[in-house]
**Q** 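This is the structure I want to talk about, given as structure tokens.
Proteins come first, then strands; the chains are lettered A, B, ... in the order of their sequence lines, and each starts at number 1.
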There are 4 protein chains.
Amino acid sequence: MEAEEQNMDTGKKVNIGVVGLGYWGPNLVRNFIDVENCRVVMVCDANEARLKPVKKRYPNIELTTKYEDMAASNDVDAIAIATPVISHYPLAKQALENGKHVLIEKPICSNSTEAEDLIKTAKKYQKILMVDHTFLYTGGVRKIKELIDKGEIGQLFYLDSVRINLGLFRPDVNVIWDLASHDISIIHYLFDEPPVSVSAMGRDFNNNNITCLAYITLKYKSGMIAHIHTSWLSPVKIRRIILGGSKKMVIYDDVEPTEKIKIYDSGIEFRQENETSLQPTYRLGDINLPKLDQREALALEANHFIDCILNGKKPLTDGAMGLAVLKILEAADISTREGGREIALNISRQQ
Amino acid sequence: MEAEEQNMDTGKKVNIGVVGLGYWGPNLVRNFIDVENCRVVMVCDANEARLKPVKKRYPNIELTTKYEDMAASNDVDAIAIATPVISHYPLAKQALENGKHVLIEKPICSNSTEAEDLIKTAKKYQKILMVDHTFLYTGGVRKIKELIDKGEIGQLFYLDSVRINLGLFRPDVNVIWDLASHDISIIHYLFDEPPVSVSAMGRDFNNNNITCLAYITLKYKSGMIAHIHTSWLSPVKIRRIILGGSKKMVIYDDVEPTEKIKIYDSGIEFRQENETSLQPTYRLGDINLPKLDQREALALEANHFIDCILNGKKPLTDGAMGLAVLKILEAADISTREGGREIALNISRQQ
Amino acid sequence: MEAEEQNMDTGKKVNIGVVGLGYWGPNLVRNFIDVENCRVVMVCDANEARLKPVKKRYPNIELTTKYEDMAASNDVDAIAIATPVISHYPLAKQALENGKHVLIEKPICSNSTEAEDLIKTAKKYQKILMVDHTFLYTGGVRKIKELIDKGEIGQLFYLDSVRINLGLFRPDVNVIWDLASHDISIIHYLFDEPPVSVSAMGRDFNNNNITCLAYITLKYKSGMIAHIHTSWLSPVKIRRIILGGSKKMVIYDDVEPTEKIKIYDSGIEFRQENETSLQPTYRLGDINLPKLDQREALALEANHFIDCILNGKKPLTDGAMGLAVLKILEAADISTREGGREIALNISRQQ
Amino acid sequence: MEAEEQNMDTGKKVNIGVVGLGYWGPNLVRNFIDVENCRVVMVCDANEARLKPVKKRYPNIELTTKYEDMAASNDVDAIAIATPVISHYPLAKQALENGKHVLIEKPICSNSTEAEDLIKTAKKYQKILMVDHTFLYTGGVRKIKELIDKGEIGQLFYLDSVRINLGLFRPDVNVIWDLASHDISIIHYLFDEPPVSVSAMGRDFNNNNITCLAYITLKYKSGMIAHIHTSWLSPVKIRRIILGGSKKMVIYDDVEPTEKIKIYDSGIEFRQENETSLQPTYRLGDINLPKLDQREALALEANHFIDCILNGKKPLTDGAMGLAVLKILEAADISTREGGREIALNISRQQ
């Protein structure tokens with residue numbers, strides 16, 4: 001990623017349209033407005049009431065309730081899609097076929113067949129296809145990636161994530177797609193190896209068939225294990241990832257305003273007890289809280305998208321990564337329906 | 001339980017012996033010394049070095065390295081066993097057969113066959129058999145039990161427990177037997193219904209076959225789910241139980257020095273969206289932190305044991321409860337060996 | 001205050017101009033744009049570079065580097081001033097004399113003579129003069145006010161505030177004027193009685209004569225004491241007010257994202273020890289965390305300003321309150337220069 | 001200090017007596033029992049009921065309600081005094097004159113005349129006189145001392161301590177003598193220079209003339225300032241010292257179970273703005289939490305006392321340090337009575 005680079009001012013500007021003005025769309029509008037070589041020229045929402053506050057804030061942006069207007073507009077170079085998941089595929093397909101670059105809110109599509117088709121379509125039309133896995137642009141996640149890549153963590157034993165709160169029940173997705181998709185994208189970014197299986201225990205609410213609490217386990221060939229606790233039913237908001245390695249351990253607490261990453265110089269070691277046995281023991285040392293890049297992740301991501309368009313770069317969170325995350329989500333859903341059965345995965349690292 | 005009652009001073013005293021002076025045994029000594037109608041008359045440890053500090057502190061207590069001395073002593077009415085799990089059965093059996101009341105550190109035995117035999121033996125000799133599930137005597141757990149019994153939580157949806165730290169690797173038991181046994185006893189105490197199945201994902205360390213990290217799921221007929229994350233591999237100590245109900249939610253954070261219990265007047269409700277659908281929604285209200293009984297749990301428990309002996313009462317944590325916990329531990333072990341397979345349980349509530 | 005009322009749509013709109021686009025000004029712009037009966041029509045900053053981002057975000061707002069343009073514009077009904085303190089008086093005076101309503105960032109002016117003249121001027125021209133003491137519009141402060149007014153706290157013994165961080169050293173004001181002014185406005189709002197004296201210990205940095213750390217004590221006739229620790233030299237950000245009363249105690253921790261207010265059912269009581277002595281003792285009970293209004297304070301305040309203009313209401317944070325705060329700030333400065341000498345205050349409650 | 005050294009086993013043993021079995025005395029008993037070359041041979045309390053639990057726990061220790069018995073006993077080499085402050089002087093005087101070494105709970109005496117006499121008496125009889133300023137033996141305080149001495153903090157700007165809780169109102173001392181005496185001893189230990197003045201604002205409770213809340217400021221020749229907020233009227237327990245230096249800043253949070261010390265690589269620097277002005281600015285870097293010595297402070301201190309007796313060493317917390325602390329307490333009391341007037345101090349560093 002070169003999200004941190006300033007876009008070179010080549011004089012070229014990207015005109016962007018944003019479709020979907022629910023919770024996330026207005027954040028996209030605000031962040032793209034601030035990108036140097038970018039203009040937000042149009043927004044779209046089928047619900048006219050959602051266009052009104054945009055009009056009051058930014059009277060110059062063109063408004064429409066018809067997506068066809070945006071997809072067909074010659075004035076629009078790229079489209080950011082922040083609509084319910086079910087509509088991601090048709091909207092993105094239409095945009096790509098009209099020669100627009102596309103950024104899609106996660107998860108990429110409703111199923112992997114759709115995602116594979118979008119990847120093929122983007123390739124055919126030579127357009128950027130990027131998925132909005134925002135967490136990969138945070139200072140915290142990038143710091144952990146850096147520590148792993150430098151070998152400071154040592155051999156990885158486990159990753160444990162808790163991402164729970166009293167939630168907005170979403171009609172379009174369950175809690176795995178809504179919240180655990182963040183963890184799955186983070187895990188996929190951090191680790192070199194893809195998971196070989198997923199199991200998930202979940203429960204819905206009053207038999208409504210929408211999982212609102214789930215425990216997900218990913219297994220890896222190396223023996224590493226990743227576990228995600230995700231829930232819309234928790235009275236408190238917890239966002240905490242623990243990463244255990246042979247050299248160091250890391251805690252990433254995203255609820256902390258500034259001290260998000262703690263690196264523990266602690267680990268598990270072997271002590272030769274006698275001729276035949278190695279006794280595991282532990283070492284407890286200093287704790288370090290590194291200074292993090294405090295810039296807003298979505299701002300970095302918006303810049304990265306425009307940079308990819310203007311300079312022909314490959315997005316960090318491209319269609320292939322979006323597809324890998326989606327395959328895990330699909331398998332987790334199957335596992336919850338089958339009482340936690342372990343589902344084998346077939347994900348290549350390129351994804 | 002009537003652990004809170006003062007033992008009536010009937011003039012009778014219980015003479016107690018403590019076997020096993022590792023980590024927990026000295027706590028038993030200290031607490032039993034302070035019980036009104038009780039005298040600690042003898043301690044035993046095969047390792048003579050562990051007897052030395054007892055001698056310096058309490059020169060009047062008789063010391064021995066031979067358990068037979070204690071089991072045979074006419075001066076000893078009851079024995080508290082704080083040795084490695086493997087020895088619980090033979091030591092307790094011998095004590096009961098010599099007419100001593102027995103308190104055993106958790107878990108009760110190495111396997112349920114042993115436990116069943118101890119229960120039978122205690123019945124035959126009409127002696128008290130009690131298991132040291134200390135958490136059931138804490139102000140926090142008793143407050144949650146009270147809330148559930150009063151109906152303040154409403155329908156129970158889930159219990160989520162995290163009990164992790166950078167651990168003392170124990171040679172005699174794995175982390176499930178060491179730490180999760182606390183949660184299993186708490187859950188068993190809190191809920192009226194027994195679990196119908198258990199699944200557990202675990203990992204050992206460097207193929208040493210001792211589980212040091214595990215995720216355990218208990219399922220219930222009512223649809224309730226209980227999940228335990230237990231680990232010796234965490235850089236931080238977390239002791240947190242979240243209980244989600246239809247009326248209220250509770251967090252029990254045992255690391256907090258005083259504010260251990262938070263009761264959230266928050267919950268999930270149904271809103272009739274239209275004729276055919278009920279949309280779950282949530283309510284976020286005040287939070288209450290009740291004042292808790294701050295007395296040391298082990299002190300209450302020691303008093304309760306002496307009270308049961310002197311007044312013929314049934315212990316709150318009797319052999320049957322110890323057996324129920326043990327059956328779940330055994331099934332969890334099988335599940336981890338079989339990659340997380342769901343193991344059916346057959347536990348009657350009396351246990 | 002009736003900040004919570006929706007402004008009635010009388011058809012009338014207030015056209016507002018914002019002068020000063022440093023840290024706070026852009027927040028004013030953003031919030032006034034969202035007020036129903038208000039339009040932001042002009043912004044002004046002598047530094048042209050600061051106008052550029054406004055132009056990118058809101059191309060329809062008129063820009064100027066000359067304040068005269070704004071003060072003289074017939075299109076402007078009200079002016080919000082967010083410039084360095086030294087310029088508050090001349091800018092506000094000019095605005096009032098041109099028939100504009102005025103909102104001034106705190107503190108109101110550089111000295112109380114200026115503030116008194118502004119109050120007089122506003123009265124003469126019958127315009128609203130309001131000071132931006134934002135904290136008085138937060139859910140947290142309003143909840144404490146409600147508790148005091150209902151008598152739930154009982155007799156007030158002390159208020160202790162800590163407001164410290166590693167600070168932006170400001171060239172125009174010291175840390176007392178910058179940070180402690182928040183506490184002084186909060187205290188003045190909460191308590192019925194005005195303070196009778198102020199003492200302050202401060203230290204500057206390397207003899208630069210700008211206080212960057214201070215301890216301020218306010219005394220009250222009733223015996224109540226208020227103490228403020230304010231600093232730009234703390235490695236951590238703390239925003240915590242403790243209020244001690246005879247019936248209850250309150251902690252307001254503004255760094256907490258949601259659980260800001262804790263009400264302790266704890267207090268000090270008298271126990272008759274013998275005929276002649278009353279022994280103080282304490283009672284420790286439950287803790288309650290009330291649900292708070294989560295709306296953005298500045299949004300409520302912006303609405304309140306427009307409401308006062310349209311409906312002729314008296315602002316909660318009017319010129320008189322701004323003057324009372326300023327008198328305390330002036331006396332605190334004198335006290336720090338004189339090594340902490342107690343300075344008598346003459347503030348009537350109307351202020 | 002060489003508190004960490006093991007006492008050399010010279011065969012000699014110190015027989016110690018403990019007088020005063022209120023809150024602190026039993027802790028002294030327990031810790032001295034565990035010291036290698038020490039025996040607790042006698043305890044004394046005028047209240048016979050307090051002797052009973054000692055008898056139950058340690059039947060071999062001689063009990064008395066008459067201090068004369070202890071002071072006169074040939075079997076007693078040293079006496080630890082944990083009685084109300086008013087009695088420190090006569091009890092210690094009698095002990096020294098009978099040729100006993102003395103350890104006195106802080107503060108050393110009721111007034112500095114008494115303390116000076118004790119110092120003289122100890123010198124005359126060549127006995128150890130040590131004051132129980134326990135905090136100076138904690139891993140946290142010793143780590144901060146080490147950081148200062150190594151120059152890692154740089155120039156010291158301020159120390160800010162908050163030591164508050166809902167308190168035990170003590171009849172014999174006010175909150176300054178009870179709680180702030182800890183901070184004063186810590187500050188005196190950490191800094192090379194003695195304070196030149198003290199000012200204190202306090203309030204009593206219902207005119208009972210016992211200060212239960214106080215703000216104390218110590219000034220230093222170097223410009224450094226130390227401030228202590230101490231209270232028995234806080235609903236929460238806070239034990240937090242912030243130390244600000246030119247190179248680093250330190251937070252010592254004694255309520256944290258393990259992560260007590262945080263070292264912030266943050267500080268204040270000068271940036272040359274133009275020819276005539278130096279603008280202070282700040283640097284925000286990593287945070288480090290060093291591993292601390294976790295041993296119980298009182299155990300180290302008890303060992304140190306016995307080591308001083310057996311090997312003729314000078315105690316870290318000797319009579320001179322006790323006197324220096326006491327002089328500051330006396331001046332703080334005067335200042336509170338005079339409304340916060342600054343009181344000059346005359347303390348030589350040897351004290």
**Q** Using non-hydrogen atoms and a 4.5 Å limit, figure out which bit of C:Ile238 sits close to chain D: side chain, backbone, both or neither.
**A**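 Just its side chain gets close to chain D.
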**Q** Out of D:Lys219, D:Arg341, D:Lys262, D:Met249, return the one with the most heavy atom pairs under 4.5 angstrom to chain C.
**A** D:Met249
**Q** Please examine the side chains of C:Ser199 and D:Tyr215, heavy atoms only from C-beta on, and report whether any two atoms are closer than 4.5 Å.
**A** no
**Q** Taking every heavy-atom pair that is under 4.5 Å apart, which of D:Asp160, D:Leu243, D:Ile251 has the most such pairs with chain C?
**A**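 Option with the top pair count is D:Asp160.
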**Q** Of all heavy-atom pairs between D:Pro235 and C:Tyr264, which one has the smallest distance, and what is that distance?
**A** CB-CG, 3.5 Å
**Q** Can you tell me how far NE2 of D:His227 sits from NE2 of C:His229, rounded to the nearest 0.5 angstrom?
**A** 7.5 Å
**Q** At a heavy-atom separation under 4.5 Å, does C:Ile164 approach chain D through its side chain, its backbone, both, or neither?
**A**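 Side chain only.
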**Q** Between C:Gly223, C:Gly340, C:Gly244, who has the most heavy-atom pairs with chain D when the cutoff is under 4.5 Å?
**A** C:Gly223
**Q** Should the heavy atoms of other residues, nucleotides or ligands under 6.0 Å from CD1 of D:Ile86 be counted, would the total exceed 12?
**A** no
**Q** Is a donor on one side and an acceptor on the other found under 3.5 Å between the side chain of D:Arg203 and the backbone of C:Phe157?
**A** yes
**Q** If you compare all heavy atoms of C:Leu233 against all heavy atoms of D:Tyr158, which two are closest, and at what distance to 0.1 Å?
**A** O-OH, 2.6 Å
**Q** Taking atom CD of D:Glu338 and atom CD of C:Glu342, what is their separation to the nearest 0.5 Å?
**A** 12.0 Å
**Q** In terms of heavy-atom proximity below 4.5 Å to chain D, should C:Ser197 be classed as side chain, backbone, both, or neither?
**A** neither
**Q** Identify which part of C:Ile242 has an atom lying under 4.5 Å from any heavy atom of chain D, answering side chain, backbone, both or neither.
**A** side chain
